[in-house]
Q: 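Please read through the structure below; I'll follow up with questions.
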Amino acid sequence: MRAMFHDWPGLALKSFYWLFVLYLFLPLSLMVAVSFKDASFISFPLGNLTIDWYAKVIQDKQFLDACLYTIMIAAATTAIATVIGVWIAMLIGSLRGAAQYVAFAVACLPAVVPGMISAISLRIFITTIDLPTGTVAIILGHVVHAVPFVVVMVLTRLRSMPGNLVDAARDLGADSIVTFFRVTLPYLGPAIFGGMIFCLLLSSDDFVRTFFLGGYRPTLPMLIFARVQSGMSPEINVMATLVLVVTAVVGLYAEYLTRRSRIR
Amino acid sequence: MQPVVQFENIRKSFGSFVAVDNLNLNIERGKFVTLLGPSGCGKSTTLRMLGGFETPTEGRILLSGRDVTMVPPNRRNVNIVFQDYALFPHMSVAKNIAFGLELKGVDNRQIQRRVSELLELVQLQDFAGRLPSELSGGQRQRVALMRALAPDPDVLLLDEPLSALDAKLRQTMQIELKAIQEQTGKTFMFVTHDQEEALTMSDTIVVMNNGRIEQMGDPATLYKRPGSAFVATFLGETNLLHSDVVGTDAGEAAVRWNGMTIRASAGALSPKAGDAIYVVLRPEAIQCSAQEPGVANRVKGRIRQRVFKGNHTSLKVEIGEGHLLNALVHPSEVEGLSRDDIWVGWSSEATTLIPARNAA
């Protein structure tokens, strides 16, 4: 016991960590707990538990449609942003000196421009070119935001690639296109996969850009926002819990896969 | 017979730095040729030019009689074993070896046959499905070698491939490389800064310095009859005695060094009295004894340092005031010798003369 108090810096370190974990998980646990509450308003104690709210949400056409729409936009965003991101990373990787830094800074810019500013500017832009708000405009906005994350992840991996792998492929008879698809791309694989997961999460979570660029069909964050405005109910908790679980599973799975490939 | 590789008046400069200068070199088919030299001597640049990764500033390169000076690496029939192997990390051993064959459009059955044949050659049959990261350094080395041999290149280029291995493994691999070269009958062009590797494996050693060829020849000739002070000191241990010619007589020269007269066979040189000259005296050519030896050159000396190395003893013997000779003798030769009073001697044929203007 005395020894434990002697090590008070270590103890403080651990205590603050656990405080942080509490701070992180308490609101989430409350949200999940209330989703099982047997009443139509949010209060404590919980009383009887039920999964009625889940049954109701799963049969909610609006909710299912919003899920589908969100997934569709996320998939399109991911596909486009990954291609553009890998392309830009390869370009930056081939540049030397100042050009490299400038190109990198420009590629990263969309990640640091505040969401609100980016959303307004894109809204003005699509109005100028007569593009209607809706699916295409949302995807456009999400892609701009997602590309820098792909670029950074892919470029980091690219820089760790031994330069003579490309030389070896060329030496064995591969032209530059075959070399890219058979050697460079597989090497970048884990980074590209990580970048894609990031794109999916960024897009499906985005509210501000979607709000400014979207049409009448709501994505999941927009639907939840609209429901919250008409009053909190355990149904919202259910939706949020479902999103939380799906996101956590995808994130952890991605982490597991990239970790495994990194060990190799 | 036509040489498989011809470098004609090759010059390569990077900005104002001349990496390779006026290189003319023919490599005969089926030979193990080593480019040997210190770092920055142009040996790796020469290899990369033959591989197609550098373009000569001037001159041309012929491969099996065809001018390949401007041909990109993927369209010339040479393959490189890279310094750190450069195995594709996401492909199995078999896939790595098959890579070059697939790109050549060889059909699948033949690829499989060739891959298992090559794996057998280096006893890695059981490792076909492994990833490179699951192999030891020596195994990776062998896979890299087989991958480069698989497409049947005119010349196999090896860029210091043993430098990443530990000393013991390096020695094993030297013997193995030479055996594989003899078994396959391939032309090997090997680049190294390690004189021991060059001496062990090569049919021909090309010694390079400052972008130029210093001397080329078979290992024994280069070792016994170095043509310049640079070659003499770079290839093996040597005593380089800066002397003056005092006279010549029937193919022998008498030179003056450190107050003593040395008789040395002149070889192809015809030195004149008054010429400055280097005498190359290998440490193992020196005998040590208590009594005066019956050889042409003999002098009294004092042992300054004695290091027992198992199968030989290495000595530093002081001659006159402050001139040290390195000697390598059998341990039994120095048993019971007094430190302060010994005879050292060597025959006149044991030395080589080099004109001093060739000094490095």
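Heavy atoms only: backbone and side chains are in, while hydrogens, waters and symmetry mates are out. In what follows, chains carry the letters A, B, and so on, assigned in the order in which the sequence lines appear, proteins first and then strands, with residues in each chain numbered from 1.
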Q: Go through the atoms of B:L87 and report whether side chain, backbone, both or neither lie under 4.5 Å from a heavy atom of chain A.
A: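 Backbone only.
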Q: Any luck finding a side-chain donor-acceptor pair between B:T69 and B:D67 under 3.5 Å?
A: yes
Q: Can you check whether A:S160's main-chain N or O pairs, donor with acceptor, with A:Y187's side chain at less than 3.5 Å?
A: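 Pair found, side chain donor or acceptor close to backbone of A:S160.
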Q: Report yes or no: do B:N24 and B:N9 form a side-chain donor-acceptor pair below 3.5 Å?
A: yes
Q: Name the member of A:V183, A:D175, A:D167, A:V166 that forms the most heavy-atom pairs with chain B at distances under 4.5 Å.
A: A:D167
Q: Which residue is it: B:V33, B:V78, B:N26, B:D154? I am looking for the one with a side-chain contact (heavy atoms from CB on, under 4.5 Å) to B:V4.
A: B:D154
Q: Just so I understand: if I count every heavy-atom pair under 4.5 Å between each of A:G189, A:G173, A:S176 and chain B, which residue has the most?
A: A:G173
Q: Go through the atoms of B:F82 and report whether side chain, backbone, both or neither lie under 4.5 Å from a heavy atom of chain A.
A: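 Side chain of B:F82 only, per the 4.5 Å heavy-atom cut-off to chain A.
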Q: Heavy-atom distances under 4.5 Å only: say whether B:E102 touches chain A with side chain, backbone, both or neither.
A: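 Interface part for B:E102: side chain.
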Q: Among B:H90, B:R140, B:R147, which residue satisfies the side-chain hydrogen bond (donor to acceptor under 3.5 Å, both in side chains) criterion with B:N96?
A: B:R147
